[in-house]
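See below for the structure under consideration.
Every chain is numbered from 1, with letters handed out A, B, ... down the list of sequences.
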Amino acid sequence: MPFSDETKDRFNAAMGVLKTIVTVGWIPAVIYIGYRNSYPQPSLIKLITPLA
Amino acid sequence: MADKSFAATPAASPAAAPTPAPSAFTPYLDAVANLFHPVAGPVMNTYAGFHGWKESMGLVQPGTVENLTREIQQVHLANWLFEGARADVAKVVSANPAFQLTHSFQLTPGAGGRYNFGAIFANANSFLQGGIDGQGTVTMRANQTWSPSDVTKLQGQLVSEAGRSMIQIEHDHLGPHYSINVKSMNPGLLDGTGIHIASFFHSITPRLSLGLETVFQRPQPSILETATSYFAKLTSLPTAAPSAAAALSPAGQPTPAPFVPAWTATAQLQATGNLQATYWQKLSDKVDVALDFQTVFQPASMLGPAKREAVTTLGAKYDFRMATFRGQVDSNWKVGMLLEQRFTPAFAFLVGGEIDHAKNTSKFGVGIMIESSTMTQEEMIAAGMLQPV
């Protein structure tokens with residue numbers, strides 16, 4: 001498929017931004033989804049304290 | 001006129017599904033369906049006939065190509081043995097849906113200390129896992145089960161350094177007698193670069209399944225390299241339906257199902273020309289035995305001189321009530337073991353080691369696994385994790 005260099009550059013730049021977003025945000029997203037869906041819903045402090 | 005159209009449609013659609021409540025569109029929809037019936041009917045009937053023929057042969061779902069040697073990997077130490085000290089702390093926040101936060105500390109001689117944080121969320125249909133280690137590498141996994149026969153999996157390792165990241169997306173389709181898997185690693189959306197793998201596995205008889213896997217490597221849009229591997233899997237006779245065993249005895253307790261020894265043998269001819277043959281047998285419901293034979297044929301290259309070697313590994317796994325023991329012997333004069341002993345539901349202790357008698361080296365590892373829960377006792381009983389006292 002013929003894409004111009006400018007399109008490829010823009011696409012690669014967008015991929016780079018997406019990659020940064022996913023790298024930074026994946027684990028917080030998993031923790032948030034787990035926190036909202038877990039039953040019984042824990043309090044925030046229970047996520048941080050180990051062994052309790 | 002209205003009578004004629006109503007009379008024509010119901011009689012001409014014998015193969016229609018149970019009709020829903022009639023609406024104003026029903027005669028129109030019936031007419032449209034009947035229009036395609038001459039074309040779709042023979043195709044569907046042929047497929048149904050083919051499916052019925054395969055069912056009459058008693059074919060089974062063979063499992064995926066990825067899980068071909070899964071039982072072997074559960075028994076042999078390659079995925080389980082570690083060196084040095086290790087502590088895993090898992091914080092169970094919720095049981096259903098499962099949500100856990102894990103902290104993992106590893107101390108290996110020569111590599112120093114390592115810390116890894118992970119979060120796991122598992123639903124009926126989704127599985128999300130994320131982990132980050134001390135160097136900032138984020139590992140992610142996401143599985144979505146669309147239906148009992150379709151699973152999509154996404155896996156990635158994201159490094160902040162450009163060009164070292166890896167992302168893999170795959171889709172598994174489990175048909176009634178076959179499995180199709182399509183996988184893509186680092187796909188370049190614009191030019192189709194990356195590594196694409198497609199595999200197909202079909203059950204030929206109730207005990208034998210054959211399949212192949214093709215790897216399409218496309219480092220640049222103009223270069224395409226393919227490599228094909230072939231697989232075969234032979235299992236013991238599939239066990240009879242457990243309905244008879246599940247019938248209640250007069251005392252009211254279900255009779256325990258009689259143990260039927262099961263074995264699986266697989267053979268793989270890999271694209272590199274190497275052969276791998278495995279044999280796994282369940283000797284009793286607590287003992288597994290696995291044998292693995294792998295050839296390593298390499299032509300002379302920059303990695304070293306030409307090699308024609310083979311390795312045979314024999315391992316066994318013993319499941320006790322509170323412990324699991326794995327032992328393994330190798331044809332390279334290596335002996336290894338791993339013991340996982342569970343003292344309480346929250347605390348487990350691991351010790352494992354491997355001695356290489358040919359080279360006179362050894363490696364040992366000890367570890368602990370702690371599982372703590374945020375729920376109070378009442379919440380655990382409500383979630384079904386504990387029996388009420």
Handout entry: Which portion of B/Leu101 sits near chain A, non-hydrogen atoms under 4.5 angstrom
Key =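 Only the side chain of B/Leu101 comes within 4.5 Å of chain A.
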Would you compute the distance between atom [atom1] of [X] and atom [atom2] of [Y] and round it to the nearest 0.5 angstrom?
X: B/Leu190; Y: A/Thr7; atom1: CG; atom2: OG1; answer: 8.0 Å
X: B/Leu189; Y: A/Met15; atom1: CG; atom2: CE; answer: 5.5 Å
X: B/Thr139; Y: A/Trp26; atom1: OG1; atom2: CH2; answer: 10.5 Å

Exercise for the section: Please tell me if the side chains of B/Gln129 and A/Val30 come closer than 4.5 Å, counting only heavy atoms from C-beta onward. Expected result: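 B/Gln129 vs A/Val30: side chains apart.
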Exercise for the section: Side-chain contact test, heavy atoms from C-beta onward, threshold under 4.5 Å: evaluate it for A/Asn37 versus B/Phe99 and give yes or no. Expected result: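 Not touching, per the 4.5 Å side-chain cut-off.
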Exercise for the section: Check the pair B/Phe121 / A/Ile31 against side-chain contact (heavy atoms from CB on, under 4.5 Å), numbers first and verdict last. Expected result: CA-CA 8 Å; B/Phe121 173 75; A/Ile31 294 177; over 6 Å; no
Problem - Candidates B/Val159, B/Val138, B/Thr137 - the one meeting side chain to side chain contact (heavy atoms under 4.5 Å, CB included) with A/Thr23 - result: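 When B/Val159, B/Val138, B/Thr137 are each tested with A/Thr23, the side chain to side chain contact (heavy atoms under 4.5 Å, CB included) holds only for B/Val138.
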Exercise for the section: Verify the neighbour count for atom OH of A/Tyr32: are there more than 12 heavy atoms of other residues, nucleotides or ligands below 6.0 Å? Expected result: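 Atom OH in A/Tyr32 is not crowded, with 12 or fewer foreign heavy atoms closer than 6.0 Å.
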